[in-house]
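What you are looking at is a predicted structure, and each value in this text was computed from that prediction instead of being measured. Quick note: numbers below take in every heavy atom, side chains included, and nothing from hydrogens, waters or symmetry partners. Counting convention: from 1, in listed order, for ligands and their atoms alike.
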Amino acid sequence: MKIVITGGAGFIGSNLARALTEQPRVTQIRVLDNLSTGHKPNIAGLDVDFFEGDIQNAVLLDQVLRDADAVVHLAALPSVPRSLRDPLASHHANTTGTLQVLDAARRAGDLYVIAASSSSVYGANPNLPKHEDLTPAPMSPYAATKLATEAYLSAYHHSFGLPVLSFRLFNVYGPGQRADHAYAAVIPKWVSATLAGQPVTVHGDGTQTRDFTYVGTVCRVFTNALLRRIIEPRPVNLAFGTRKSLLDLIPEIEVATGRPAHREHRVPRVGDVSHSQADSTRLLALFPEVTPVPINEGIAATVDWFRASAVIAASS
Ligand code: NAD
């Protein structure tokens with residue numbers, strides 16, 4: 001199988017590229033990435049073909065997708081706050097970019113397309129747990145682009161018969177997720193701060209809850225979907241119904257780092273949802289054999305990665 005990963009130099013994409021190199025049935029991995037938020041060192045040493053460029057470039061897409069079997073479409077400008085600062089940039093990369101990828105997949109001979117949507121599409125809908133038939137209520141431009149992503153996958157399936165699958169990812173964390181930028185996610189930010197002896201910044205009172213999913217679990221589901229070619233035009237939550245408050249993370253991080261984490265509270269962030277927890281019924285019906293990595297193991301692996309990265313940075 002020849003697999004294209006858009007956004008493959010990013011956090012999830014590079015973990016997936018690594019996971020796919022271990023699959024005997026996967027004969028070639030191509031990464032297409034414009035390095036806007038991703039980093040080439042993330043895929044250094046992996047047996048992948050790297051194409052630097054934008055998913056909005058149809059000519060390049062035709063070249064990268066030629067004779068491939070499937071596309072895992074992860075390229076996007078992630079983060080709610082980023083989309084509040086520049087909604088059009090998020091729209092171009094996430095919505096127009098997805099449309100370009102789907103159209104290229106159609107031109108290439110109806111390739112199988114898996115894409116990353118987001119739990120942010122549930123937004124202002126207060127119901128818990130979040131099951132896929134709830135009415136989406138995006139609270140940010142980012143969430144709107146992700147709703148459009150899955151809507152376009154469904155449309156291409158129904159209009160042109162394109163084999164598709166869109167996953168609503170919840171809060172994915174793990175090795176490779178960086179803390180050194182303005183839009184960093186909470187786990188890498190807090191692990192990095194705790195290792196550096198700095199306070200952890202809590203927006204609001206910290207009782208907001210999230211369904212944290214380890215990146216290795218996400219990659220297992222993607223790999224399984226690719227190998228079994230699971231087609232589903234309706235979006236599928238990719239999380240397991242575990243609900244942890246941000247404050248609950250602190251003792252986990254303290255245990256994994258062996259250091260105390262001091263809290264500093266700030267005002268809540270605009271566009272953030274209060275609570276998030278997946279209903280995983282649809283996921284488990286499609287992938288009954290996949291079990292999630294427990295959060296203590298996932299955070300321990302994340303801490304190990306931060307420590308190893310610091311050693312590499314110090315010695316280079
Ligand atoms: P990331 O920023 O690490 O990866 C995104 C990658 O896409 C980067 O390498 C970036 O350079 C690339 N990219 C962005 N715009 C591009 C463009 N126009 N052309 C080519 N490449 C482009 O983010 P991530 O956390 O790995 O997220 C991967 C996907 O999963 C995204 O679609 C994101 O919206 C989605 N997602 C992630 C999470 C999470 O918790 N990490 C949650 C929900 C959804």
Side chains of N34 and E52: is there a donor and an acceptor less than 3.5 Å apart? no
Examine the side chains of D211 and S276 and answer whether a donor and an acceptor come within less than 3.5 Å of each other. no
Contact check, side chains of H73 and I5, non-hydrogen atoms, under 4.5 Å: no
With a 4.0 Å cut-off on heavy atoms, is K146 in contact with ligand 1? yes
Looking at residues at least two apart in the chain, or sitting in another chain, which of them share a salt bridge (Lys or Arg N to Asp or Glu O under 4.0 Å) with D69? none
So is S117 close enough to ligand 1, meaning a heavy atom under 4.0 angstrom away? yes
For a 4.5 angstrom cut-off between non-hydrogen side-chain atoms, does D47 reach Q28? no
Identify the closest protein heavy atom to atom 40 (O) of ligand 1: which residue and atom is it, and at what distance? V172 N, 2.9 Å
Tell me: protein heavy atom nearest atom 17 (C) of ligand 1, and distance? N34 ND2, 3.2 Å
Within the 4.0 Å heavy-atom cut-off, what S120 brings close to ligand 1 is neither
For atom 37 (C) of ligand 1, which protein heavy atom lies nearest, and how many Å away is it? I12 CD1, 3.9 Å
Return yes if a side-chain donor-acceptor contact under 3.5 Å exists between N224 and E289, otherwise no. yes
Atom 23 (O) of ligand 1 [closest protein heavy-atom partner, distance rounded to 0.1 Å]: P78 CG, 3.5 Å
Would G38 count as being in polar contact with ligand 1, using the rule that some N or O on each side must be under 3.5 angstrom apart? yes
Decide whether T194 and R259 meet the rule of one side-chain donor and one side-chain acceptor closer than 3.5 Å. no
Looking only at N/O atoms, are S36 and ligand 1 under 3.5 Å apart anywhere? yes
Of all pairs that satisfy side-chain hydrogen bond (donor to acceptor under 3.5 Å, both in side chains), the ones with a partner from residues 155-168, not counting sequence neighbours: D103-Y156, Y122-R168, E150-R168
For G10, atoms of ligand 1 separated by under 4.0 Å from a heavy atom: 3 (O), 4 (O), 8 (C), 9 (O)
With only distance considered, is Y142 within less than 3.5 Å of ligand 1 through an N or O on each side? yes
Residue part near ligand 1, for L35, under 4.0 Å between non-hydrogen atoms: backbone
Under 4.0 Å from a heavy atom of G53: which atoms of ligand 1 are those, numbered in the order shown and with their elements? 19 (N), 20 (C)
If you measure from atom 10 (C) of ligand 1 to every heavy atom of I55, T96, T37, which option wins on shortest distance? T37
In this structure, atom 11 (O) of ligand 1 is nearest to the protein heavy atom D33 OD1, 2.6 Å
Among all protein heavy atoms, pick out the one at the shortest distance from atom 31 (C) of ligand 1; state its residue, atom name and that distance to 0.1 Å. L74 O, 3.1 Å
Are F212 and F170 close enough that their ring centers fall under 6.0 Å? no
Please verify the inter-ring angle class for F287 with F167; under 30° counts as parallel, over 60° as perpendicular, anything in between as tilted. tilted
min-distance protein heavy atom vs atom 18 (N) of ligand 1 -> D54 OD1, 3.1 Å
